Amino acid sequence: HAELVELLPLVQSAARSCKEGTCEIDVTPGQMVRVKPNAFGRLLANLIGNAVRYAKTVKVTASVADHMLTLLVDDDGPGIPPDIAADIFEPFVSGRENGTGLGLALVSKIITDHGGLIGADSVPGRTVFRISLPLAPKEKLKET
């Protein structure tokens with residue numbers, strides 16, 4: 001079930017696949033999201049891992065506006081092949097030899113299960129995955 005968790009530790013944990021100097025994380029400490037931590041952590045690891053596989057530099061940023069948290073995974077890799085770009089979130093679509101094509105389909109399902117949206121913009125030399133999630137409402141603290 002979904003719980004209120006801090007975004008930065010989830011991103012840092014998911015970025016373990018980053019090689020020295022590959023990843024830059026720009027997430028403000030204290031940004032909270034209501035997610036299923038294991039599922040959300042896996043989807044971040046999938047997105048960051050894909051980016052690291054193809055790029056020299058990966059930047060993960062988070063911003064807040066209009067009650068939404070937007071998370072960007074931005075890389076300088078070769079881009080998504082144009083022949084599959086429109087279908088990358090569909091099952092069994094892969095640009096990688098021997099890829100199952102299930103990773104991004106699962107990422108998309110997890111995001112929509114959390115009430116969010118995901119999209120990608122890609123050109124040769126730059127791919128940006130954009131995740132938008134509703135912000136967790138301010139929790140009422142119980143008085144003791």
Side-chain angles (χ1 to χ4, degrees), residues 1-140:
H1 69 292
E3 54 189 87
L4 193 63
V5 294
E6 187 177 355
L7 181 61
L8 181 57
L10 283 175
V11 172
Q12 289 171 327
S13 178
R16 284 186 298 232
S17 62
C18 293
K19 301 170 201 81
E20 181 87 26
T22 302
C23 291
E24 179 183 329
I25 298 172
D26 183 10
V27 176
T28 304
Q31 287 177 323
M32 306 298 285
V33 286
R34 185 169 293 283
V35 295
K36 296 177 182 171
N38 289 341
F40 196 73
R42 280 195 309 272
L43 89 81
L44 289 174
N46 184 305
L47 283 178
I48 294 169
N50 280 349
V52 167
R53 185 176 291 119
Y54 296 108
K56 291 185 189 89
T57 305
V58 178
K59 185 171 184 180
V60 182
T61 58
S63 60
V64 174
D66 300 324
H67 305 291
M68 295 293 282
L69 179 116
T70 301
L71 187 69
L72 302 177
V73 178
D74 187 339
D75 73 59
D76 62 358
I80 298 167
D83 58 323
I84 64 166
D87 300 317
I88 59 168
F89 297 111
E90 297 299 319
F92 311 114
V93 174
S94 178
R96 198 170 75 219
E97 189 176 331
N98 300 322
T100 62
L102 295 176
L104 290 176
L106 181 60
V107 164
S108 178
K109 180 177 182 345
I110 292 169
I111 293 296
T112 55
D113 286 352
H114 282 85
L117 301 169
I118 186 167
D121 293 310
S122 186
V123 295
R126 185 164 190 218
T127 298
V128 180
F129 282 88
R130 175 185 309 269
I131 298 169
S132 297
L133 290 170
L135 269 183
K138 296 283 185 206
E139 299 288 308
K140 284 191 176 178

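Please read these numbers as outputs of a predicted model, since none were measured by experiment.
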Between [atom1] of [X] and [atom2] of [Y], what distance do you get to the nearest 0.5 Å?
X: Asp75; Y: Ser122; atom1: CG; atom2: OG; answer: 7.5 Å
X: Ile131; Y: Thr70; atom1: CD1; atom2: OG1; answer: 10.0 Å
X: Arg130; Y: Leu117; atom1: CZ; atom2: CG; answer: 11.0 Å
X: Ile110; Y: Ile118; atom1: CD1; atom2: CD1; answer: 9.5 Å
X: Gln31; Y: Leu69; atom1: CD; atom2: CG; answer: 5.5 Å

Asp83 atom CG, neighbour heavy-atom count above 12 within 6.0 Å: yes

Full working for side chain to side chain contact (heavy atoms under 4.5 Å, CB included) between Phe129 and Ile88: CA-CA 11 Å; Phe129 282 88; Ile88 59 168; 3.8 Å; yes

Main-chain N/O of Lys109 paired with Thr112 side-chain donor or acceptor, under 3.5 Å: yes

N/O donor-acceptor pair under 3.5 Å between His114 side chain and Lys36 backbone: yes

Contact summary for Ala14 and Ala45, nearest pair of heavy atoms: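 Closest approach of Ala14 to Ala45: CB-N, 3.5 Å.
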
Atom of Gly77, atom of Ala55 and distance for their closest heavy-atom approach: N-CB, 3.5 Å

Step-by-step side chain to side chain contact (heavy atoms under 4.5 Å, CB included) determination, Val5 to Leu10: CA-CA 8 Å; Val5 294; Leu10 283 175; 3.7 Å; yes

Electrostatic pair Asp74-Arg126, nearest N-O below 4.0 angstrom: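 Salt bridge: yes.
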
